[in-house]
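We use all heavy atoms of the structure for the numbers below, so side chains are in, but hydrogens, waters and symmetry mates are not.
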Amino acid sequence: MSAPAPLYDLMLLLNPEADEAVRSGVLNDVRKAITDGGGELVGDQDWGERPTAYPIDHRGSAQYHLYQFHGPTSMLPQLDRMLRISDGVMRYRVVRLAPGTPPPPDQRPARRPEGEPVAPAASA
């Protein structure tokens, strides 16, 4: 009996100034690379635009996207090469998760209900 394929996290930081077509093209290419490489997509979360801890390519924010997938390790070099040469990708990281790792938290940006006023900032 063979061991199940490992579970991976892929965190993508996309350039928020890139055209929507470029960003969605990268996301589609990632999905295709995972499924064509013998992997199975388990999770796909768009975390929205968020500030980065430090400027990357003179940009202070990025469009964050998290994929979770099962797949053979032989697929990772092709995925790495594709992401390295793709326009619109600022940073990416693939991490193999240990068995029993809890699922990622829901980090989607919160949306205000329509018509609700923005709360004033607290003064210090």
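- Annotation: side chain of Met82 is in contact with side chain of Val30 (closest heavy-atom distance under 4.5 Å).
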Steps toward side-chain contact (heavy atoms from CB on, under 4.5 Å) verdict (Asp44, Arg31): CA-CA 9 Å; Asp44 180 353; Arg31 284 186 209 101; 3.2 Å; yes

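- Pairing each heavy atom of Met75 with each of Gly37, the nearest pair is CB-O, 3.8 Å.
- Considering only residues two or more places apart in sequence or on other chains, Asp29 meets the side chain to side chain donor-acceptor pair (under 3.5 Å) condition with none of them.
- Side-chain atoms of Tyr64 and Leu13, non-hydrogen and from C-beta on, do get closer than 4.5 Å to each other.
- In this structure, NE2 in His70 is found 10.0 Å from CG in Leu41, a value given to the nearest 0.5 Å.
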Please lay out, stage by stage, how Arg59 and Thr52 fare under the test side-chain contact (heavy atoms from CB on, under 4.5 Å). CA-CA 8 Å; Arg59 292 179 186 87; Thr52 56; over 6 Å; no

I'd like to know whether Leu97 forms a side-chain contact (heavy atoms from CB on, under 4.5 Å) with Gln68, so could you lay out the CA-CA distance, the side-chain angles of the two residues, the decisive distance to 0.1 Å, and finally the verdict. CA-CA 9 Å; Leu97 299 176; Gln68 283 193 322; 3.5 Å; yes

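- If you chain together hydrophobic residues whose side chains sit under 4.5 Å apart, Leu14 and Met11 never meet in one group.
- Shown here is Arg81, whose CZ atom has no more than 12 heavy atoms of other residues, nucleotides or ligands within 6.0 Å.
- Hydrophobic clustering of Ile, Leu, Val, Met, Phe, Trp and Tyr side chains at less than 4.5 Å, counting indirect connections, keeps Val94 apart from Leu66.
- Residues Gly38 and Pro72 share a closest heavy-atom pair of O-CD, 3.7 Å.
- Applying the salt bridge (charged side-chain N to carboxylate O under 4.0 Å, His left out) rule to pairs touching residues 83-92 yields Asp80-Arg84, sequence neighbours excluded.
- A pairwise comparison of heavy atoms in Pro6 and Arg96 identifies CB-NE, 3.4 Å as the closest pair.
- A distance of 12.5 Å separates CD1 in Ile34 from CD in Gln78, rounded to the nearest 0.5 Å.
- Linking Ile, Leu, Val, Met, Phe, Trp and Tyr whenever their side-chain heavy atoms come within less than 4.5 Å leaves Val42 and Tyr92 in two separate clusters.
- Side-chain contact between Asn15 and Asp57 is absent, with no heavy atoms from C-beta onward closer than 4.5 Å.
- With hydrogens and angles ignored, the 3.5 Å screen pairs a side-chain donor or acceptor of Arg23 with a backbone N or O of Pro16.
- Taking CG from Leu76 and CG from Leu10, the interatomic distance works out to 9.5 Å, rounded to the nearest 0.5 Å.
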Could you walk me through whether Leu12 and Gln63 satisfy the side-chain contact (heavy atoms from CB on, under 4.5 Å) test, starting with their C-alpha distance in whole Å, then the side-chain angles of each, then the deciding distance to 0.1 Å, before giving a yes or no?
CA-CA 8 Å; Leu12 284 173; Gln63 180 79 27; over 6 Å; no

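- Listed by chain and residue number, Phe69 satisfy the ring-ring contact (aromatic ring centres under 6.0 Å, His included) test with Tyr8 (two or more places apart in sequence, or in another chain).
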